[in-house]
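Below is one structure, written out as structure tokens; the observations come after it.
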Amino acid sequence: MAKSEKKKSRYVIGVDIGGTGIKGGIVDLKKGKLLGDRVRIDTPRPATPENVAEVVAEIVGALGAREDAPEPDSPVGVTFPGIIQHGVSRSAANVDKSWLDFDIDTLFTQRLGRPVEVINDADAAGLAEVRYGAGKGVDGTVLVITLGTGIGSAFVFDGRLVPNAELGHLEIDGFDAETKASAVARERDGLSWEEYSVLLQRYFSHVEFLFSPELFIVGGGISKRADEYLPRLKLRTPIVPAELKNEAGIVGAALQVAIHHSLAE
Ligand code: BGC
């Protein structure tokens, strides 16, 4: 393979579908960083599969027109905030209900005219953190918990993802955990950091008891304010903020493609 070709094959497009914005970028898999700026478009309303597919196509089109873009028929990684099994969404907790049991892979592959790999959003963030960020080099169980609209989770063991862990839906004190302890629930309920930390303590202690991880990594927008709540938590497991911030989903989506296509070694 020529040097420039080899370099290009380590570039993969990743797209992160969120509740407010859809973001994409060309990822340099050697560095785990975006090549150039990311492209962001507001999530359409209603956020039905067809409307979202249009926006994803627009983003991939814009990225594909760049000089450093990977080959036009190369696979694209896409995150989705729900359970993903064989390209089909199996839950729709915080998204339009038309996504339930929807074959995202088929729709997006047709719309983009190139292969697509769909992955749960927290799984993508987790993969990225373990490969390039706060979990780099950590053996054993690493749990990445994202605090956002919901609570997402990635279960990684010895660097390999166990997909769709869905630990945000653990029932704690009679409630689905994410309905009380997500970042959006904190805002909705007007909780101080101190009050919120009590809920997080309850949540992380329970998860720690169930899985005895080596490390917790906390992601989501709220990880920027980690100083407000992480020091208040008393756990035997180290707990640290995510390092890739709001690029983790894009990077992880691209990384997932590379893992499936053996590009990232
Ligand atoms: C969904 C997860 C998702 C998380 C974060 C939860 O409600 O069930 O699949 O990863 O929200 O978006």
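Each ligand, and each atom within it, is numbered from 1 in the order the structure gives.
- Contact atoms of ligand 1 toward Gly152: 4 (C), 5 (C), 10 (O) (distance under 4.0 Å to a heavy atom of the residue).
- Close approach of ligand 1 to His169 is summarised as follows: ligand atoms under 4.0 Å from at least one heavy atom of the residue are 1 (C), 6 (C), 7 (O), 8 (O).
- A donor and an acceptor atom, one from each side chain of Glu208 and Thr237, are located under 3.5 Å apart.
- In this model, a donor atom of one side chain and an acceptor atom of the other lie less than 3.5 Å apart for Ser74 and Arg114.
- Residue Ile151 places a heavy atom less than 4.0 Å from ligand 1.
- Residues Ser205 and Gln201 bring a donor and an acceptor atom of their side chains to less than 3.5 Å of each other.
- Every N/O-N/O distance between Ser153 and ligand 1 stays at or above 3.5 Å.
- Shown here for Gly14 and Ile250, the closest heavy-atom pair between the two residues is O-CG2, 3.3 Å.
- There is a side-chain donor-acceptor pair under 3.5 Å between Ser212 and Arg236.
- The side chain to side chain contact (heavy atoms under 4.5 Å, CB included) test with Leu230 is passed by exactly one of Pro241, Ser197, Ser223: Pro241.
- Ligand 1 lies within reach of Gly82, whose nearest heavy atom is under 4.0 Å from it.
- Atom 5 (C) of ligand 1 has Asp121 OD2, 3.5 Å as its closest protein atom, hydrogens excluded (heavy atom only).
- Which of Glu178, Glu166, Arg90 comes nearest to atom 9 (O) of ligand 1 through a heavy atom is settled by distance: it is Glu166.
- Using a cut-off of 4.0 Å between Lys/Arg side-chain N and Asp/Glu carboxylate O, Glu54 and Arg111 are scored as salt-bridged.
- With a 4.0 Å cut-off on non-hydrogen atoms, Ala93 touches ligand 1 through its side chain and not its backbone.
- Between Asn120 and ligand 1, a contact under 3.5 Å exists for at least one N or O pair.
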